[in-house]
Student: 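Questions regarding the structure given below will be posed in turn.
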Amino acid sequence: MTHVVTENCINCKHTDCVEVCPVDCFHEGPNFLVIDPVECIDCTLCVDECPVGAIYAEDDVPKGQEKFLDINAELAPKWHVITRKKDALADAEKWDGVPDKLKLLDRGE
């Protein structure tokens, strides 16, 4: 099993989660983080560290967020690994809880 970063991370990109990951499975894009499903060991440490509640076990992904399983798997190989905490995006608080942010996902392509 793996964990998945879901929509609420878009335009927030808090990185508290990356420092607790024992296998460095987080990858960073311009306005979103993803978890590499191949590297994730399902330790659950990242879940409680996410201040916006955007990380779930794959079996617990909220209804309507299932597409993020594929998005994490697709983008992890394309983005670089992040292992150190950085400041969240400047207006992260404004974006916390905003629905329908998928259209804002910057894939960096």
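The analysis underlying the following values was restricted to heavy atoms, covering all of them including side chains, and did not include hydrogens, waters or symmetry mates.
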Student: Within this structure, what is the CD-CG distance for the pair Gln65 and Asp60, rounded to the nearest 0.5 Å?
Tutor: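 Interatomic distance, Gln65 CD to Asp60 CG, rounded to 0.5 Å: 13.0 Å.
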Student: Please determine whether side chain to side chain contact (heavy atoms under 4.5 Å, CB included) holds for the pair Ile55 and Cys17, giving the CA-CA distance in whole Å, both sets of side-chain angles, and the decisive distance to 0.1 Å.
Tutor: CA-CA 9 Å; Ile55 303 173; Cys17 52; 3.8 Å; yes
Student: Under the 3.5 angstrom rule, does the side chain of Glu28 hit a backbone N or O of Leu33 as a donor-acceptor pair?
Tutor: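 No, the answer is negative, given that no donor and acceptor are paired below the 3.5 Å cut-off.
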Student: Assess the side chains of Asn11 and Asp91: does a donor N or O sit below 3.5 Å from an acceptor N or O?
Tutor: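 Result is no, nothing qualifies.
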Student: Quick one: does Cys21's side chain get under 4.5 Å of Leu45's, heavy atoms only?
Tutor: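 Not touching, per the 4.5 Å side-chain cut-off.
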Student: Please tell me if the side chains of Asn72 and Asp70 come closer than 4.5 Å, counting only heavy atoms from C-beta onward.
Tutor: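 They are not in contact (no side-chain heavy atoms under 4.5 Å apart), so the answer is no.
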Student: Under a 3.5 Å distance rule, please check whether Asp106 uses its side chain to pair with a backbone N or O of Asn31 as donor and acceptor.
Tutor: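 A pair under 3.5 Å: no.
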Student: Tell me, with the steps shown, if Tyr56 and Val5 meet side chain to side chain contact (heavy atoms under 4.5 Å, CB included).
Tutor: CA-CA 7 Å; Tyr56 295 88; Val5 181; over 6 Å; no
Student: Would you kindly confirm whether Val52 and Leu102 end up in one hydrophobic cluster when ILVMFWY residues are joined by side chain heavy atoms under 4.5 Å apart?
Tutor: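 As far as the 4.5 Å side-chain criterion goes, Leu102 and Val52 are not connected within one cluster.
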Student: Is the shortest side-chain heavy-atom distance between Thr15 and Phe26 below 4.5 Å?
Tutor: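 Result no, sub-4.5 Å side-chain heavy-atom pair not found.
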Student: Hey, is CG on Asp59 packed in by over 12 heavy atoms from elsewhere, all under 6.0 Å?
Tutor: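 More than 12 within 6.0 Å, yes.
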Student: More than 12 heavy atoms of other residues, nucleotides or ligands under 6.0 Å from CD of Glu74: is that the case?
Tutor: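 For Glu74, atom CD is crowded (more than 12 foreign heavy atoms under 6.0 Å).
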Student: Taking atom types as modelled, find out whether His3 and Glu58 have a side-chain donor-acceptor pair closer than 3.5 angstrom.
Tutor: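 Distance-only check fails for His3 and Glu58.
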Student: Quick one: CZ on Phe32 to NE2 on His27, what's the gap to the nearest 0.5 Å?
Tutor: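 So the gap between those two atoms works out to 13.0 Å.
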Student: Quick one, Val34 with Trp79, criterion side chain to side chain contact (heavy atoms under 4.5 Å, CB included). Give me CA distance, side-chain angles, the key distance, then yes/no.
Tutor: CA-CA 9 Å; Val34 296; Trp79 290 349; 3.9 Å; yes
Student: Test side chain to side chain contact (heavy atoms under 4.5 Å, CB included) on Thr6 and Val61 and set out the steps.
Tutor: CA-CA 8 Å; Thr6 59; Val61 171; 4.3 Å; yes
Student: Short question: side chain of Lys78, backbone of Arg107 - any donor-acceptor pair under 3.5 Å?
Tutor: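 Here the side-chain-to-backbone pair does not exist.
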Student: What's the spacing between Asn8 CG and Cys50 SG if we round to 0.5 Å?
Tutor: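 Asn8 CG to Cys50 SG: 7.5 Å, rounded to 0.5 Å.
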